[in-house]
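What follows is one structure encoded as structure tokens, with my remarks underneath.
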2 protein chains.
Amino acid sequence: MSLPKDKTPETITVGDAPKAVVNRLSFYLRELQNLLASGTATISSSQLGKRLGFTDAQIRKDLAYFGHFGYPGVGYRCDELIAKIKSILGTDRFWPVVLVGVGNLGRALLRYKGFDKQGFRIVAALDSDPDKIGRLIEDIPIHGLNEIQAVVSSRGIRLAIIAVPANDAQTVANDVVAAGVVGVLNFAPVTLILPPHVHNVGVDLAMELEQLSFAVVNSPPKS
Amino acid sequence: MSLPKDKTPETITVGDAPKAVVNRLSFYLRELQNLLASGTATISSSQLGKRLGFTDAQIRKDLAYFGHFGYPGVGYRCDELIAKIKSILGTDRFWPVVLVGVGNLGRALLRYKGFDKQGFRIVAALDSDPDKIGRLIEDIPIHGLNEIQAVVSSRGIRLAIIAVPANDAQTVANDVVAAGVVGVLNFAPVTLILPPHVHNVGVDLAMELEQLSFAVVNSPPKS
DNA sequence: GCTTGTGAACGTTTTCACAGCG
DNA sequence: CGCTGTGAAAACGTTCACAAGC
């Protein structure tokens, strides 16, 4: 990395890592977990790269942002590297999450089994529909939107998933942020405007298909 | 762009556009549709940039990959630019889509209302569970996995959404590709290995939360 | 032997800054 | 005047290639 004219080398934090690197870290973690589950103890950057479609050099560079995790001549120990990456991503701890919006998508997310393994759990759900409030889905109680503040602060929640209609998303986002949430995963097809200290990840299902559509339309003619 | 030493200028296709550019195109489209719906007829690159968190120059450069769509002194006409971007993304046509896996997530996707507006519709669903086969969800019939070939070819389907458990995803992917699908939107938390002519977009819900977790953990201490 | 970690080279993407136009 | 479109410059990310280590 570029050299630190900065007087305090300690400020060269891991947070400076390019977004693309952090994103790939999640891919490495997922594959390493699969590898470990299938009995693989160590793996080289080139083997891992082949499985994921990255170059070996890129994997090594990415990991080198955060430390020296490999063994020359051997590769990386899966269990060790998993622990390191989890620690970098912050998923070595438990993250309680609040879900806002218990529609079709919200219900599916409540029942989704993949969060727990990575350290996340939806511990509370909110909705504006009086018919839903008070019900339980997968043992998770559904609260009214007005209880946001109480739910978030009593359970130490820092992350929210927003799965409400597009028209309500910005209002809901404002509310969860006011309640203390600092990270938002937004499934509504709108760009949220949030204060700078709040992190934002958007997933727009139609947009993902659009990217496929473009790729298909612009592919080598006959291939 | 760099100049074409290439003898055949027609080969300078739009397909060469960086992925990041194409991805932003989807953001532009979404915002323009919202703007038009709220009565805005024209918008400048800097106004659009402010709403989306991009710079004005970036928006102009991105659009310039594909043509001259703006009016100096005025900006861009929303309706016109929407049509242009749709044409570039290929969403000016109708895309029938097959869904594989009618679990929690699959059912939510079947009921999701946001696809139609962008040109996509799930026209058939497949599952391996005999109890589900033959049922209708949102007027969509659920077929057995063995009917992939028939469903895909009879309906001219080129895109598939995979929402099956991680262990089944690669097998299902192989099957839909064999049936003629050339674009896969994969919700299973695994990296699929697909032939080069098949395009692949993955959405891993836990991974999205991991990216948030990293951002939160590595934020300016007190902010 | 094989594999990591890394400076240096390379290529790509973003930003700058301004000429040209309505 | 405001805004686009675009070369040129700057920033950034990736790949190369090899010294060092097991």
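Throughout, protein chains are lettered first and strands after them, A, B, ... in sequence-line order, and every chain is numbered starting at 1.
- Residue A/R111 holds its CZ atom at 11.0 Å from CG of A/L109, rounded to the nearest 0.5 Å.
- Rounding to whole angstrom units, CG of residue B/D16 and C1' of C/dT12 are separated by 13 Å.
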B/Y76 vs B/Q47, test: side-chain contact (heavy atoms from CB on, under 4.5 Å). Steps then yes/no.
CA-CA 11 Å; B/Y76 301 86; B/Q47 287 175 287; over 6 Å; no

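- If you check D/dG5, D/dT15, C/dT15 against the side chain of B/Y76, the one that comes closest is D/dG5.
- Rounded to an integer number of Å, the gap from A/Q58 CD to C/dG11 C1' is 13 Å.
- In this structure, the CZ atom of A/F66 is 13 Å from the P atom of C/dG5, given to the nearest Å.
- Distance B/E80 CD to D/dT4 P: 13 Å, rounded to the nearest Å.
- The side chain of B/P18 lies closest to C/dT13 when the candidates are D/dT4, C/dT4, C/dT13.
- Comparing B/S45 and A/Y71 by the nucleotide of DNA chain D that holds the closest heavy atom to each, the one mapping nearer the 5' end is B/S45.
- Atom pair B/Y65:OH and D/dT4:P shows a separation of 19 Å (rounding to whole Å applied).
- Ring geometry for B/W95 versus B/F120: interplanar angle of 30 to 60°, hence tilted.
- Within the 4.0 Å cut-off from OP1 or OP2 of C/dT15, at least one side-chain nitrogen or oxygen of B/T55 is found.
- Remark: A/H68 is not in phosphate contact with D/dG21, judged by side-chain N or O atoms under 4.0 Å from OP1 or OP2.
- Checking A/F54 against A/P72, the closest nucleotide of DNA chain D that is more toward the 5' end is the one next to A/F54.
- Between C/dT15, D/dC3, C/dT4, one nucleotide has an atom nearer to the side chain of B/S44 than all others, and that is D/dC3.
- The separation between B/F69 atom CZ and C/dG22 atom P is 18 Å, rounded to whole Å.
- With rounding to whole Å, B/I43 atom CD1 is found 17 Å from D/dG2 atom P.
- B/L63 has its CG atom 16 Å from the P atom of C/dT13, to the nearest Å.
- Applying the 3.5 Å distance criterion, the base of C/dT6 shares no donor-acceptor pair with the side chain of A/K61.
- Atom OG in B/S46 sits 8.0 Å away from atom CZ in B/R60 (nearest 0.5 Å).
- Within the 4.5 Å cutoff, side-chain heavy atoms of A/L35 are placed close to those of A/L48.
- Closest to the side chain of B/R60, from the set C/dT15, D/dC3, D/dT6, is D/dT6.
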